[in-house]
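Only this structure's heavy atoms are used, side chains among them; waters, hydrogens and symmetry mates stay out. Keep in mind the model is a prediction, meaning the values are calculated, not measured.
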Amino acid sequence: MSAALAIENLSVAYRARGEEREVLRGVSFAVPAGGAYGLVGESGSGKSTLALAALRLLPGAGRLTGGRVRIDGREPYVLDAGGLRRLRAHDVSMVFQNPARALNPSLTIGRQVAEAYEVLGWRRAEAEERAVAMLERVRIAAAARVMASYPRQLSGGMQQRVLLAMALAKDPLLLVLDEPTTGLDATVEAELIDLIAALRGELGTAHVLISHNLGVVARLCRRVGVLYAGRLVEEGPAAALLADPRHPYTLGLLQSLPSPGRRKDQGRLATIPGFPPPPGRPTEGCVFAARCVLADQRCRTEPPAAVDLGGRVSLCHYVERIPPLAHGTIRGVAFAPVGRAPTPAVIEAVRLSKTYRVGRRAVRALSDVSFTLGPGETLGLVGESGSGKTTLARLLLGLVAPDIGGEIRLDGVPLAALAANRGAAERKALRIVLQDPDSALNRAHTVRHLIGRVLRLAGLQGAARKRRLAELLAAVRLEPRHLAERPRQLSGGLKQRVAIARAFAGEPRVVICDEPTSALDLSVQAAILNLLADLQRDHGTSTIFISHDLSVVRFLADRIAVLYRGCLMEIGPAEQVFAGPHHPYTEALLSAAGMPGERRAPVRVASTLQGTREDGVTGCVFHARCPRRLGSLCKTVAPPVVEADGHAIRCHIPRGELGLAASPD
């Protein structure tokens, strides 16, 4: 039986500035029918190029310079135009990383999904019926209502499911998923992973998954290929490769992950030294030699041959010298734990609420949220999409005004509700790093201009400005060559690093980080987390860290606040929130996240997509999804806030009866 996808000694080059640059070299692997294959590696390693090359979707500047691609025995590069159209129309699909960009904002969801069936020859009425059925198949409730919606009216998780529905409309033989879970809530990510796995078993579709989330790869894929600088440096069964890596680069990626229970006061996260080479740069020896701690002269001059490890392959001269994976290695100076916010706090939020008008309806996005943030403290803000995290950030920055009765104080002094009415020093005190750097960076300006402008506004001139610019570049792992480039020339991970450097350039008092590491490679993520901890230690910078990645939050945060539908359900020291007792909603988030190295009994809650949101709730806002609700009490009576040792939980269930984080064997 033919493999769904077979890549044989594939090489790809791009033509840039009058010369060809080889970005993939001698890549080989196969995906059996119904199989699942993961591709991991840093930005610029060639993952997306490999996917595009496999589907014959390379841009005009790219071409195959060697090797073969076969899809179910057919070679896309020898098919004529008609054969290629038939292959794409019936047998292959791709789900892109950013669903908001992949969907047409001017067309309804129904029009876009139905079009996938019309291309296959169905009449419009039949196509719309099949579109509704497919939306239900990917577990979208109220599919008829969603059909009439526009992409902007759906959450990121819903948009990703719509793309999946469109990709599966043709019942493809091969499905390529490019970072399908980036930026999704833990609960939505868990649902999407379960859905993809279930559909693969049901339809027999082979999957190629591109991701920097090794947890997702481990849960979905049977085999994994590790790409670095266009070479497949290690390949093998997912379970064995991720538990016992046999290449220094794979080991470096895995060690960059925050290990279970790891906190910033225990030391810096491990990072891979140096930088990946520019795409297409020729190398004499091993492509990883410049960053490898095991490298010697042989590595720098002699390309390593593939070492067969019995079902696994590693491209390394010294496979036997690679140490075992050991999380928790502490390097360098440790960061002092901050603990509870001291008084006076840098930021005080007092009974913040925000109500929006949607037509004639009043929608409460935030409800009576109060907290403090101390000097050098990190407050982790977690919760699903729509919980109010970004609304809270916008209130603090003065982008929108809170409802009457709410107040924000900086060093004990009330701030004007809107940034336009705040002084220059007050505006400088609070900065934000957005999840999507494209929305924050002017594509027409160079990196030097984007960061340098902030430094000029901060009063730095001449040698001082150059020195500070060099420090920022090193901190966020950018190279001097990036200064002359514009955002449109950078990968998503590189653009995020520029955005982070710009946010910290003016040395603000408080930085609000809205999913700043969701699109970053593991080693770069570790470097950014180390940077945030460094800034806290050296400058007393306070941070509000919004993230769906609970392992990252656990490492960085001193305290954690859990939001649900605009209400603060739980807030307290990070270790207490993770260790329990904790709110049933927090328990569901932790269970869905599947923290590495920890075993939890799965906590089932109603899907975020099942229409459980209710207006005018008088009791607990979580009661409709809570697996432990106490009958009508939770539905009709607002729960009390019970605090012990700085750990507050809003719940009717007695504190002693709330579940612990870790499940028994």
Problem set entry | Stepwise salt bridge (charged side-chain N to carboxylate O under 4.0 Å, His left out) test for R74 and D72 | CA-CA 6 Å; R74 290 164 289 173; D72 194 30; 3.8 Å; yes

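- You'll find the side chain of D296 reaches within 4.5 Å of the side chain of C299, heavy atoms only.
- Side chain to side chain, E234 and S314 fail the donor-acceptor criterion of an N or O pair below 3.5 Å.
- The shortest heavy-atom contact between L441 and A499 is CD2-CA, 4.2 Å.
- A heavy-atom distance below 4.5 Å is found between the side chains of I71 and L173.
- Relative to the ring axis of F578, R554 places its NZ or CZ within 45° and under 6.0 Å from the centre.
- Panel note: side chain R443, backbone R488; no donor-acceptor pair is recorded below 3.5 Å.
- Under a 3.5 Å cut-off, the side chain of Q489 and the backbone N or O of R486 do form a donor-acceptor pair.
- With hydrogens and angles ignored, the 3.5 Å screen pairs a side-chain donor or acceptor of R15 with a backbone N or O of G18.
- Between the side chain of Y77 and the backbone N or O of A54 there is no donor-acceptor pair closer than 3.5 Å.
- Side chain of T250 to main chain of R246: no donor-acceptor pair is present (N/O by atom type, distance under 3.5 Å, no hydrogens or angles).
- Minimum interatomic distance between V176 and A51 (heavy atoms only, all atoms of both residues): CG1-CB, 3.8 Å.
- Remark: R63 is not positioned above the aromatic ring of Y14, lacking an NZ or CZ atom under 6.0 angstrom from the ring centre and at most 45 degrees off the axis.
- F288 does not carry R291 over the face of its six-membered ring by the limits of under 6.0 Å from the centre and within 45° of the normal.
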For this session: List the steps, then state whether salt bridge (charged side-chain N to carboxylate O under 4.0 Å, His left out) holds for R200 with E202.
Result: CA-CA 5 Å; R200 182 168 61 84; E202 178 184 339; over 6 Å; no

For this session: Could you walk me through whether L5 and V69 pass the side-chain contact (heavy atoms from CB on, under 4.5 Å) test, one step at a time?
Result: CA-CA 7 Å; L5 174 66; V69 176; 4.1 Å; yes

Exercise. For L103 and L163, what are the C-alpha separation, side-chain angles and deciding distance, and is it a side-chain contact (heavy atoms from CB on, under 4.5 Å)?
Worked result: CA-CA 8 Å; L103 294 171; L163 279 186; 3.7 Å; yes

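- Within the 3.5 Å criterion, the main-chain N or O of I272 finds a donor-acceptor partner in the side chain of S523.
- Judged by distance alone, the side chains of S547 and D549 never bring a donor and an acceptor atom under 3.5 Å apart.
- Between S93 and K170 the shortest side-chain heavy-atom distance falls below 4.5 Å.
- A donor-acceptor pair under 3.5 Å links the side-chain atoms of H317 to the main chain of E302, judged by distance alone.
- The heavy-atom pair separating V217 from S211 by the smallest distance is CG2-CB, 3.9 Å.
- Two residues are said to be in side-chain contact when any heavy atoms from C-beta on lie closer than 4.5 Å; Y37 and L39 meet this criterion.
- The heavy-atom pair separating L556 from A533 by the smallest distance is CD1-N, 4.3 Å.
- Within a 6.0 Å sphere centred on CD of E284, heavy atoms belonging to other residues, nucleotides or ligands number 12 at most.
- In this structure, R56 contributes its side chain and P76 its backbone to a donor-acceptor pair below 3.5 Å.
- Interatomic distance, D244 CG to L325 CG, rounded to the nearest 0.5 Å: 8.5 Å.
- The two residues A289 and R300 have their closest heavy-atom pair at CB-CG, 4.2 Å.
- Across every non-hydrogen atom of G230 and L227, the tightest pair is C-CD2, 4.2 Å.
- Remark: L57 CG to M94 CE distance equals 7.5 Å, nearest 0.5 Å.
- Taking a 6.0 Å sphere around CZ of R298, one finds it holds more than 12 heavy atoms contributed by other residues, nucleotides or ligands.
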Exercise. N530 and T271: side-chain contact (heavy atoms from CB on, under 4.5 Å), yes or no, with the steps?
Worked result: CA-CA 9 Å; N530 288 338; T271 60; 3.8 Å; yes

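- Using a distance-only test at 3.5 Å, with no hydrogens or angles considered, no donor-acceptor pair links the side chain of R312 to the main chain of E235.
- In this structure, the side chains of L315 and L232 stay at 4.5 Å or more apart for every pair of heavy atoms.
- Between the CD1 atom in I7 and the OG atom in S28 there is a gap of 8.5 Å [rounded to 0.5 Å].
- Atoms NE2 and OG1, on H548 and T517 in that order, are 11.0 Å from each other to the nearest 0.5 Å.
- For the atom pair OH of Y318 and CG of L294, the computed distance is 9.5 Å after rounding to the nearest 0.5 Å.
- Inter-residue side-chain proximity for D80 and L84 is flagged as unmet; no heavy-atom pair is nearer than 4.5 Å.
- The backbone N or O of L209 sits nowhere less than 3.5 Å from a side-chain atom of H207 that would complete a donor-acceptor pair.
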For this session: Decide side-chain contact (heavy atoms from CB on, under 4.5 Å) for L490 and H482; before the verdict, give the C-alpha distance in whole Å, the side-chain angles of both, and the deciding distance to 0.1 Å.
Result: CA-CA 8 Å; L490 304 177; H482 293 128; 4.1 Å; yes

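- Within the 4.5 Å cutoff, no side-chain heavy atoms of P487 are placed close to those of L494.
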Problem set entry | From CA spacing to verdict: salt bridge (charged side-chain N to carboxylate O under 4.0 Å, His left out), R70, E75 | CA-CA 5 Å; R70 289 181 293 169; E75 297 189 42; 5.6 Å; no

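- With a 4.5 Å cut-off on side-chain heavy atoms, L483 and L469 count as touching.
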For this session: Verify salt bridge (charged side-chain N to carboxylate O under 4.0 Å, His left out) between K47 and D178, making sure each step is shown before the conclusion.
Result: CA-CA 9 Å; K47 304 186 300 296; D178 191 356; over 6 Å; no

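- Residue L478 holds its CG atom at 9.5 Å from CD of E485, rounded to the nearest 0.5 Å.
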